[in-house]
Amino acid sequence: MRRQYPFHLIEPKWQTFWDKQQTFRAFNPGDELPATHPFAQRHQLNGKVDAAQLPQKFYILDMFPYPSGTGLHVGHPEGYTATDILARYRRADGFNVLHPIGWDSFGLPAEQYAVRTGQHPRKTTDENIANFTKQIKSLGFSYDWSRELATTDPGYFKWTQWIFLKIYNSWFNPKTNKAEPIETLEYPAQLQSASGVSPEDLETQRRTYRDSKRLAYVSEAPVWWCEQLGTVLANEEVVDGKSEVGGFPVTRKPMRQWMLRITAFAEKLLADLNTIDWSDSLKEMQRNWIGRSEGASVEFQIQGSKFKVEVFTTRPDTLFGATYMVLSPEHKLVNEITTPEQKDAVEQYKQAATNKSDLERTELAKDKTGVFTGAYAINPVNGEKIPIWIADYVLASYGTGAIMAVPGHDTRDFEFAQKFSLPIIQVVQPPEGKDWQGYTDDGVSVNSASAEISLNGLPTAEAKNKISAWLEQKGLGKKTINFKLRDWLFSRQRYWGEPFPIIWKRDSNGHLYHEALPESELPLMPPSLTDYKPTASGEPPLARAKEWVALPDGSVRETNTMPQWAGSCWYYLRYIDNKNETAFVGKEAESYWMGARESLKFPVSSLGLEPTSNLKPQTSNSKVHPGVDLYVGGTEHAVLHLLYARFWHKVLFDLGYVSTPEPFFKLVNQGLILGEDGQKMSKSRGNVVNPDDILKEFGADAFRLYEMFMGPLEMTKPWNTNGVAGVYKFLGRVWRLFVDEKSETEFEQAETTSSDSNELLKLIQLHAGIREVEPTKEQLKTLHACIKKVTEDLEAMRFNTAISAMMMFINESLTWETKPVSVLRAFLQLLAPFAPHLSEELWARLDSQFGTGSSSLSYAAWPGYNSDYLIEDTLEIPVQVNGKLRDVIQVSADASQADIEAMAKASEKVKPFLEGKTIKKVIVVPKKLVNIAVA
RNA sequence: GCCGGUGUGGCGAAAUGGCAGACGCACAGGACUUAAAAUCCUGGGACCUUAAAAAGUCGUGUCGGUUCGAGUCCGACCACCGGCACCA
């Protein structure tokens with residue numbers, strides 16, 4: 001395609017300009033503002049300013065990119081473009097905008113490359129970051145690059161380790177419902193004084209107790225082990241029994257691991273979803289993952305034994321229908337209660353269950369299996385003797401690992417009971433016409449009475465309440481809330497991650513215990529290695545560094561490292577104050593950028609075209625508590641990063657380090673961009689679009705515009721390079737609205753002989769039709785309609801329709817003979833967030849010819865619209881008969897309803913449809929339409 | 001199975017309950033050109049009728065409802081996409 005305008009000269013020119021001027025540097029309270037900076041000039045600030053003097057903040061964040069070796073694909077810049085447009089818009093709107101970028105640079109690929117080649121992962125990482133930076137910069141995003149950070153930077157991970165220590169040194173106090181320093185933990189009575197035990201033993205016991213309460217603790221429980229990756233994985237990283245990364249098989253393996261007690265925050269993580277502005281689907285995913293369910297725990301006595309089994313049920317109202325009980329094969333009591341006759345069968349079944357991978361367990365789920373233990377439990381509600389089975393459809397990890405089976409009203413129990421011919425009885429009456437067998441919804445209790453209690457005739461909800469109260473009163477059970485959420489497995493057997501600031505020691509009794517490194521020893525650097533593989537004995541790679549591991553006093557370092565999620569749990573806080581050497585974030589900066597802001601009021605007031613510098617954004621009195629004001633990224637982080645980050649943030653909030661309980665107030669997921677064939681982009685399909693190629697042919701502005709023009713941000717949509725040509729042509733039309741055709745021809749000829757881009761650009765002259773004249777009424781109408789639409793669409797993130805509004809403006813304005821400078825300036829302001837390079841270039845040209853009104857387009861006050869200009873003299877009113885369009889009539893704007901009705905009835909096109917009919921009703925919607933209902 | 005989202009021209013899409021298809025792509029015709037590209041202008045849902053048009057009928061996944069009026073609201077269903085899935 002022929003080049004529409006010299007973007008290849010314009011774009012680098014303005015990128016360099018922005019870099020030099022530091023145009024997009026965001027200022028913290030206490031920062032020294034250079035008087036020459038356009039932000040200082042816009043807000044008439046100078047020197048050191050405090051938070052009260054600064055305009056309102058707006059924090060716009062992109063999800064943390066992992067700098068992979070393959071570089072950007074077209075999906076990345078979709079969200080980045082959206083946030084950049086809004087960042088630029090908010091700056092023009094008068095906000096102090098924080099819009100940073102950085103690198104989630106720990107991660108597996110660099111380490112795997114190191115394993116293969118011996119090259120230090122840092123080298124690969126640095127190269128990839130350089131490549132990403134170059135690509136991202138070429139798109140003209142208005143990031144404050146002075147705040148760039150990388151998780152692999154010791155200056156950063158020092159604080160990741162520091163936060164870990166805060167978590168390690170905290171416990172969750174159920175009384176205050178908060179994380180608190182471990183020092184506030186009270187010991188139980190028997191550990192209060194050293195009566196009867198030596199001081200050493202007391203301290204050992206206290207330490208054990210303390211360690212069992214910490215938010216970071218060591219567990220020996222079975223974990224997901226991935227042989228191919230050579231590491232353990234968190235629950236969230238295992239998908240369908242395979243590793244999320246690479247799709248390798250995983251197995252359960254008991255190992256000593258670090259866990260973070262995220263379950264303590266389950267209730268808050270769930271409840272606080274109601275305080276943030278996220279999409280329903282995303283909130284729902286988190287709710288499902290947290291998986292709160294209300295029910296009751298009930299104790300069943302084992303017949304002829306001292307043991308009791310506790311079960312969890314959400315349907316205590318069906319207790320009378322429990323005809324058997326099932327323990328998970330891993331349940332503690334299985335060995336205790338199994339009768340000698342059943343021992344072999346049970347042992348065999350248990351063995352088979354452990355050997356099955358979880359994938360097999362779920363895949364074979366259709367066919368229920370199980371074995372009778374020979375033991376019986378007593379149903380506490382009616383004294384019935386019910387058999388106890390073990391079956392792997394009961395999970396050890398959920399609830400108590402045991403259930404009461406109510407085959408009449410639970411699908412799984414029903415299947416199992418049918419297969420093993422166990423009794424099925426009805427205790428819930430479904431609504432008319434539904435079979436009670438396997439009916440699992442609410443109904444009315446039946447067959448549920450004993451000498452002491454009857455639920456018969458009660459609707460499910462009431463029956464639940466009644467039986468729960470009765471159980472509680474009898475000491476047989478109580479209301480219980482269960483969560484699916486498990487604690488977060490936080491250690492990995494890798495090299496390229498943050499080392500734990502933890503050392504292991506032995507006390508005088510020979511007990512191994514862990515201890516935090518002092519803060520003064522942070523950052524704890526990883527050792528240098530020549531071989532990055534795990535050791536032959538399966539220890540993490542760090543164990544190879546014998547000198548690093550062994551400390552002079554005989555203690556040894558922890559050799560696990562943190563998972564990649566650690567760094568991304570708090571990066572948004574470090575952006576606020578990334579150079580701070582004494583704190584992970586400064587208090588004043590944190591409360592300014594993360595604190596409450598005035599809620600936005602919309603629509604913007606009608607201010608005409610006059611510059612509105614110094615005007616603080618229109619606000620209402622209500623304050624919202626946002627944290628990050630807008631966070632944009634993909635859905636793939638729904639339950640990993642977004643849950644983990646919320647958890648860390650809540651710990652930091654409880655400990656008083658941050659000012660909001662939630663990190664991300666508004667979150668928007670950009671939709672997936674598919675290949676031109678409508679399929680997911682992938683190398684193997686060969687449908688991957690490389691942004692570099694698009695930039696080369698169409699330029700960054702056209703690329704940005706197309707990414708937004710494709711459709712609503714949140715939708716999945718296919719890429720179409722022809723579509724880029726469409727918006728590119730639009731930018732060409734903008735260009736031709738402003739420049740003189742003849743001078744452009746000269747420019748093109750000169751370009752064949754010269755390569756001095758500044759000299760070349762000087763050849764281009766503004767269009768002769770551009771003059772400093774009063775705009776006509778029509779021109780003002782066109783402009784203000786555009787301002788209104790673009791402004792409203794930006795507020796609602798409807799970028800695609802904002803662009804079409806600007807296209808309409810251009811289509812219209814190209815027909816003007818005289819183009820008033822004031823109108824063109826306002827249009828460039830609207831275009832600037834979308835196509836900043838072209839806008840800056842044309843803005844500067846207007847300035848140099850007509851004098852400057854403002855030094856910088858980026859901080860020029862956003863134009864308001866005057867609705868007076870939008871009023872039409874005559875309106876086109878559609879006339880319907882029985883809802884069908886019959887005519888469109890011209891009506892003067894001040895015509896009365898009666899006039900309009902009369903004109904509608906008088907219309908020649910309408911008349912035939914009224915003839916011979918009775919008019920039942922005439923609806924006149926002012927300025928909209930007339931509908932005549934006839935019979 | 002459960003939860004969430006989406007169904008509108010050849011394609012991407014737009015429409016506070018009020019003229020369905022704005023804006024753009026692709027396409028067709030015309031202007032400019034020796035010619036092509038680029039640019040500029042015009043056209044375009046389907047059907048029916050017609051030499052052409054006008055007029056008319058139908059049309060937003062399907063079926064029904066509310067309403068003067070439904071792409072939009074309500075009910076039932078179908079398809080596709082995403083997530084969860086033996087969670088008691």
Side-chain angles (χ1 to χ4, degrees), chain A residues 1-4 239-240 279-285 287-289 291-293 295 311-315 318 326 361-362 364-366 368 391-395 397-406 410-413 415-416 440 482-486 635-636 638-639 669 671-672 674 676 678 680 706 709-712 714-727 729-730 732-733 736 741 798 800-808 810-811 814-815 876-888 909 912 919-925 927-934:
Chain A
M1 188 177 203
R2 185 183 176 274
R3 195 166 59 228
Q4 292 274 337
V239 178
D240 293 334
S279 73
D280 287 340
S281 65
L282 197 67
K283 285 188 185 181
E284 208 48 37
M285 278 190 228
R287 288 196 190 104
N288 288 341
W289 193 263
R292 181 183 195 274
S293 66
V311 303
F312 173 73
T313 176
T314 55
R315 293 295 299 271
T318 62
V326 188
R361 269 203 185 187
T362 39
L364 301 173
K366 283 121 230 165
K368 297 262 180 303
D392 64 4
Y393 82 91
V394 172
L395 307 176
S397 55
Y398 183 77
T400 60
I403 61 158
M404 64 178 210
V406 183
D410 180 280
T411 315
R412 299 147 302 182
D413 298 344
E415 282 173 24
F416 191 82
T440 56
N482 243 309
F483 293 92
K484 278 203 280 185
L485 186 68
R486 305 267 73 94
T635 0
E636 65 272 22
V639 288
N669 289 121
L672 202 63
L674 307 172
E676 304 220 40
K680 222 176 197 162
Y706 178 65
F709 189 63
M710 288 166 84
E714 290 166 88
M715 296 282 102
T716 301
K717 46 212 174 272
W719 180 268
N720 176 5
T721 300
N722 278 330
V724 188
V727 293
K729 276 201 279 190
F730 160 68
R733 285 159 73 80
R736 288 192 291 279
E741 214 180 315
R798 290 184 300 245
N800 53 333
T801 50
I803 293 167
S804 62
M806 290 188 285
M807 287 173 166
M808 285 162 79
I810 284 297
N811 290 347
L814 276 169
T815 66
E876 293 194 338
I877 303 284
V879 181
Q880 300 179 338
V881 178
N882 282 349
K884 286 195 175 140
L885 181 71
R886 296 305 175 189
D887 195 13
V888 178
K909 286 181 182 168
I919 297 177
K920 283 196 303 187
K921 198 173 177 183
V922 180
I923 287 111
V924 180
V925 184
K927 299 183 178 180
K928 274 278 153 72
L929 126 165
V930 178
N931 189 11
I932 304 170
V934 299

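Numbers restart at 1 for each chain; the letters A, B, ... are given by sequence-line order, proteins then strands. Keep in mind that what you see is a predicted model, and the values were worked out from it rather than measured.
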Backbone N or O of [Y] within a donor-acceptor pair of the [X] side chain at under 3.5 Å?
| X | Y | result |
| --- | --- | --- |
| Tyr706(A) | Gly726(A) | no |
| Arg315(A) | Thr440(A) | yes |
| Asp413(A) | Val406(A) | yes |

Side chain of [X] only, please: which of [options] is the nearest?
| X | options | answer |
| --- | --- | --- |
| Arg736(A) | rA88(B), rA14(B), rU39(B) | rU39(B) |
| Lys368(A) | rC86(B), rA26(B), rC23(B) | rC86(B) |
| Thr313(A) | rC19(B), rU39(B), rA88(B) | rA88(B) |
| Glu876(A) | rA13(B), rC19(B), rA38(B) | rC19(B) |

Any side-chain N or O of [X] under 4.0 Å from OP1/OP2 of [N]?
| X | N | result |
| --- | --- | --- |
| Arg886(A) | rC19(B) | no |
| Arg733(A) | rC40(B) | yes |
| Lys729(A) | rC25(B) | yes |
| Asn811(A) | rA22(B) | no |
| Asn800(A) | rA14(B) | yes |

Reckon Ser293(A) touches a base, only the sugar-phosphate, or nothing at all at heavy-atom distances under 4.0 Å? sugar-phosphate

Fit a plane to each ring of Phe312(A) and Tyr398(A), take the angle between them on a 0 to 90° scale, and name the class: parallel (under 30°), tilted (30 to 60°) or perpendicular (over 60°). perpendicular

Any [X] side-chain heavy atom under 4.5 Å of [Y] side chain:
| X | Y | value |
| --- | --- | --- |
| Ile877(A) | Val888(A) | no |
| Arg798(A) | Asn800(A) | yes |
| Trp289(A) | Arg486(A) | no |
| Met404(A) | Val311(A) | yes |

Just how far, in rounded Å, is [atom2] of [N] from [atom1] of [X]?
| X | N | atom1 | atom2 | result |
| --- | --- | --- | --- | --- |
| Met285(A) | rG82(B) | CE | P | 11 Å |
| Asp392(A) | rC86(B) | CG | C1' | 9 Å |
| Met807(A) | rA14(B) | CE | C1' | 13 Å |
| Trp289(A) | rG83(B) | CH2 | C1' | 11 Å |
| Leu674(A) | rC81(B) | CG | P | 11 Å |
| Arg287(A) | rA85(B) | CZ | P | 18 Å |
| Glu741(A) | rA38(B) | CD | C1' | 11 Å |
| Lys884(A) | rA55(B) | NZ | P | 16 Å |

Between [N] and [M], how far is it from one [atom1] atom to the other, in whole Å?
| N | M | atom1 | value |
| --- | --- | --- | --- |
| rG59(B) | rG21(B) | C1' | 11 Å |
| rG71(B) | rC81(B) | P | 27 Å |
| rC19(B) | rC77(B) | P | 31 Å |
| rA13(B) | rA20(B) | C1' | 13 Å |
| rG43(B) | rA53(B) | C1' | 15 Å |
| rA38(B) | rC32(B) | C1' | 11 Å |
| rU49(B) | rG56(B) | C1' | 9 Å |
| rG29(B) | rA14(B) | C1' | 27 Å |

Working to the nearest 0.5 angstrom, can you tell me the gap between [X] [atom1] and [Y] [atom2]?
| X | Y | atom1 | atom2 | value |
| --- | --- | --- | --- | --- |
| Glu714(A) | Thr635(A) | CD | OG1 | 10.0 Å |
| Glu876(A) | Lys928(A) | CD | NZ | 14.0 Å |
| Asn882(A) | Lys921(A) | CG | NZ | 12.0 Å |
| Thr716(A) | Lys680(A) | OG1 | NZ | 9.0 Å |
| Tyr393(A) | Lys368(A) | OH | NZ | 7.0 Å |
| Arg736(A) | Gln4(A) | CZ | CD | 5.0 Å |

Using a 3.5 Å limit on both pairing distances, list the dot-bracket string of RNA chain B from the 5' end; Watson-Crick and G-U wobble pairs count, crossing pairs take [ ], interstrand pairs take |. (((((((..(((.....[....))).(((((.......))))).(((........)))..(((((..]....))))))))))))....

Going by the glycosidic torsion and a 90 degree boundary from 0, is the base of rG9(B) oriented syn or anti? syn

Earlier contact from the 5' end, RNA chain B, for Val925(A) and Ser804(A): Val925(A)

Return whichever of Ser397(A) or Thr635(A) has its heavy-atom-nearest nucleotide of RNA chain B closer to the 5' end. Thr635(A)

Tabulate atom names and distances for all N/O pairs under 3.5 angstrom spanning the protein and nucleotides 3-12 of chain B.
residue	atom	partner	partner atom	Å
rG12(B)	O2'	Met710(A)	O	2.5

With hydrogens left out and only the distance checked, is there a donor-acceptor pair under 3.5 Å joining Lys928(A)'s side chain and the base of rU16(B)? yes

List every contact pair, protein side and nucleotides 64-70 of chain B side both N or O, where the distance is under 3.5 Å.
residue	atom	partner	partner atom	Å
rC68(B)	O2'	Asn931(A)	ND2	3.4
rC68(B)	O2	Asn931(A)	ND2	2.4

